[in-house]
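All values below come from the heavy atoms of this structure, side chains included, with hydrogens, waters and symmetry mates left out.
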Amino acid sequence: MENMLKEFEVLQKNLENLPIENLADYDLSKTALFIVDINNGFAKEGALYSDRIKSLINPIYEFVKPLEKKLNKIIAFTDTHEEDSVELLSYTPHCLVGSEECKVVDELLDIENLEIVPKNSTNGFFAIDINILNDIDNVVVVGDCTDICIYQFVVTLKAYFNEKNINKNIVVPMNLVDTYDIPFVHPGDLLNIVFLNSMIQNGVKLIKKFSL
């Protein structure tokens, strides 16, 4: 147990020591931004609502809005399921087609050049044509949930680029991702620390935040 606590402290310190990066160092014309699942079903209402996810809405909007005409792409994934979706065997029914839950929150809808992409699984990688990233050097990913949809997308994307011997920069700003919390079932703070560290170990660039 003592060793586990020491290891946890090291993982926590890893995150405390993350850098802050300046967006001026990025060519935004070759940068794609993915906003993951900032929809009504996770951020405003429904069985999988979390106030931690709701608290991401304004910071993400304030980050993206000044960049809306500069970024190459702004893509918002949103869970969108039919009633017989296989994923619903694992998760409480949520974000059903035609419901308010699967809609991206209103606050983000006035972002220019926003493309909304529905997804039927936790992993948005399978909802896009990977060729849209051919001319992209940087992929920035924000939203929820750190340990599920964010983690699966960035790690799969990194593994795909590795397989194809493609060197692209996948960046997750820690201040713009979060996961839900259910005490003794899904401890949000603990899972954030574990999965953010795992992203680093898988070659994803994790930063504290961007300075504008």
Side-chain angles (χ1 to χ4, degrees), residues 18-45 49-80 95 100-119 122-146 149-154 156-158 161 166 168-179 196 199 204-212:
L18 288 173
I20 295 171
E21 293 212 340
N22 194 324
L23 267 178
D25 296 331
Y26 284 68
D27 182 349
L28 297 183
S29 70
K30 293 186 176 182
T31 299
L33 173 71
F34 287 87
I35 305 171
V36 181
D37 284 337
I38 302 298
N39 59 26
N40 292 325
F42 298 132
K44 291 198 172 180
E45 62 184 65
Y49 163 80
S50 168
D51 57 357
R52 292 169 64 125
I53 306 309
K54 182 178 182 180
S55 70
L56 289 172
I57 295 174
N58 288 337
I60 288 175
Y61 177 81
E62 290 168 4
F63 171 69
V64 180
K65 187 63 178 175
L67 308 176
E68 61 186 357
K69 294 180 180 178
K70 300 176 182 178
L71 289 162
N72 184 290
K73 289 177 179 58
I74 306 174
I75 295 173
F77 287 132
T78 182
D79 259 25
T80 307
C95 299
E100 289 299 308
E101 287 188 21
C102 64
K103 295 179 180 177
V104 171
V105 297
D106 286 343
E107 289 88 339
L108 301 184
L109 294 181
D110 76 335
I111 294 172
E112 291 185 38
N113 304 317
L114 180 70
E115 178 186 355
I116 296 174
V117 175
K119 64 182 178 68
T122 49
N123 194 338
F125 178 85
F126 302 108
I128 60 168
D129 176 356
I130 195 65
N131 292 314
I132 66 171
L133 300 179
N134 285 348
D135 297 324
I136 296 297
D137 291 338
N138 309 296
V139 179
V140 179
V141 183
V142 303
D144 67 282
C145 288
T146 313
C149 299
I150 297 287
Y151 182 81
Q152 291 181 13
F153 179 56
V154 298
T156 306
L157 195 60
K158 179 60 177 171
F161 290 147
I166 298 169
K168 292 184 188 288
N169 195 28
I170 304 173
V171 188
V172 175
M174 190 172 68
N175 67 316
L176 297 179
V177 297
D178 206 350
T179 192
L196 289 169
M199 290 181 203
V204 174
K205 179 185 283 189
L206 199 68
I207 64 173
K208 276 187 181 177
K209 64 179 182 178
F210 281 109
S211 60
L212 301 177

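N138 CG to L133 CG: the interatomic distance, rounded to the nearest 0.5 Å, is 11.0 Å. A distance of 13.0 Å separates CG in N113 from NZ in K70, rounded to the nearest 0.5 Å. Between the CG atom of L114 and the CD1 atom of I74 there is a distance of 6.5 Å, given to the nearest 0.5 Å. Between N175 atom CG and I60 atom CD1 the span is 9.0 Å, to the nearest 0.5 Å. Note that the CG atom of D79 and the CG atom of N40 stand 12.5 Å from one another [nearest 0.5 Å]. Rounding to the nearest 0.5 Å gives a distance of 4.0 Å between CG of D178 and CZ of R52.
Within 6.0 Å of the NZ atom in K65, the count of heavy atoms belonging to other residues, nucleotides or ligands exceeds 12. Annotation for D27: atom CG counts as buried by contact number, over 12 foreign heavy atoms lying within 6.0 Å. Residue K209 qualifies as open at atom NZ: its count of foreign heavy atoms under 6.0 Å is 12 or below. Surrounding NZ of K73 are more than 12 heavy atoms belonging to other residues, nucleotides or ligands, all under 6.0 Å away.
Taking K54 as the reference, nothing meets the side-chain hydrogen bond (donor to acceptor under 3.5 Å, both in side chains) condition, with sequence neighbours excluded. For the side-chain hydrogen bond (donor to acceptor under 3.5 Å, both in side chains) test, no residue two or more places apart in sequence or in another chain qualifies with D25. Judged as a ring-ring contact (aromatic ring centres under 6.0 Å, His included), and not counting sequence neighbours, the contacts of F34 are F77, F153.
Nearest heavy-atom pair, I136 versus A32, reported as atom, atom and distance to 0.1 Å: CG2-N, 3.9 Å. Contact between V172 and V177 at its shortest, heavy atoms only, is CG1-CG1, 3.8 Å. The two atoms that bring F161 and K168 nearest to each other are CZ-CD, 3.4 Å, heavy atoms only. In plain terms, the two heavy atoms of I38 and G143 that are nearest each other are CD1-CA, 3.9 Å. The shortest heavy-atom contact between C95 and C102 is O-CB, 3.8 Å. In terms of heavy atoms, Y61 sits closest to P66 at O-CD, 4.4 Å.
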Step by step, would you call Y26 with D137 a side chain to side chain donor-acceptor pair (under 3.5 Å)?
CA-CA 9 Å; Y26 284 68; D137 291 338; over 6 Å; no
Verdict with supporting geometry, D37 and K119, salt bridge (Lys or Arg N to Asp or Glu O under 4.0 Å):
CA-CA 9 Å; D37 284 337; K119 64 182 178 68; 2.9 Å; yes
M174 vs M199, side-chain contact (heavy atoms from CB on, under 4.5 Å): CA-CA, chis, key distance, verdict
CA-CA 11 Å; M174 190 172 68; M199 290 181 203; over 6 Å; no
Run the numbers on V204 and L157 for side-chain contact (heavy atoms from CB on, under 4.5 Å), then give the verdict.
CA-CA 9 Å; V204 174; L157 195 60; over 6 Å; no
side-chain contact (heavy atoms from CB on, under 4.5 Å) between L71 and L28, intermediate numbers included:
CA-CA 5 Å; L71 289 162; L28 297 183; 4.0 Å; yes
Steps toward side-chain contact (heavy atoms from CB on, under 4.5 Å) verdict (V142, V64):
CA-CA 10 Å; V142 303; V64 180; 5.5 Å; no
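No side-chain donor-acceptor contact under 3.5 Å links E112 to the backbone of E68. S29 places no side-chain N or O within 3.5 Å of a backbone atom of N72 that could act as its donor or acceptor partner. For the pair T78 (side chain) and A76 (backbone), a donor-acceptor distance under 3.5 Å is absent. No side-chain donor-acceptor contact under 3.5 Å links N39 to the backbone of V105.
Using a cutoff of 4.0 Å between basic side-chain nitrogens and carboxylate oxygens, E21 and K205 are scored as salt-bridged.
When side chains are defined from C-beta on, V104 does not count as touching I35, because their heavy atoms never get closer than 4.5 Å. Residues C145 and F42 form no side-chain contact, since every pair of their non-hydrogen atoms from C-beta on lies 4.5 Å or further apart. A 4.5 Å side-chain heavy-atom check between T122 and C149 finds at least one atom pair inside the cut-off. Looking at L67 and L23, their side chains come closer than 4.5 Å, going by heavy atoms from C-beta outward. Here the side chains of I57 and K44 are in contact, with some heavy-atom distance below 4.5 Å.
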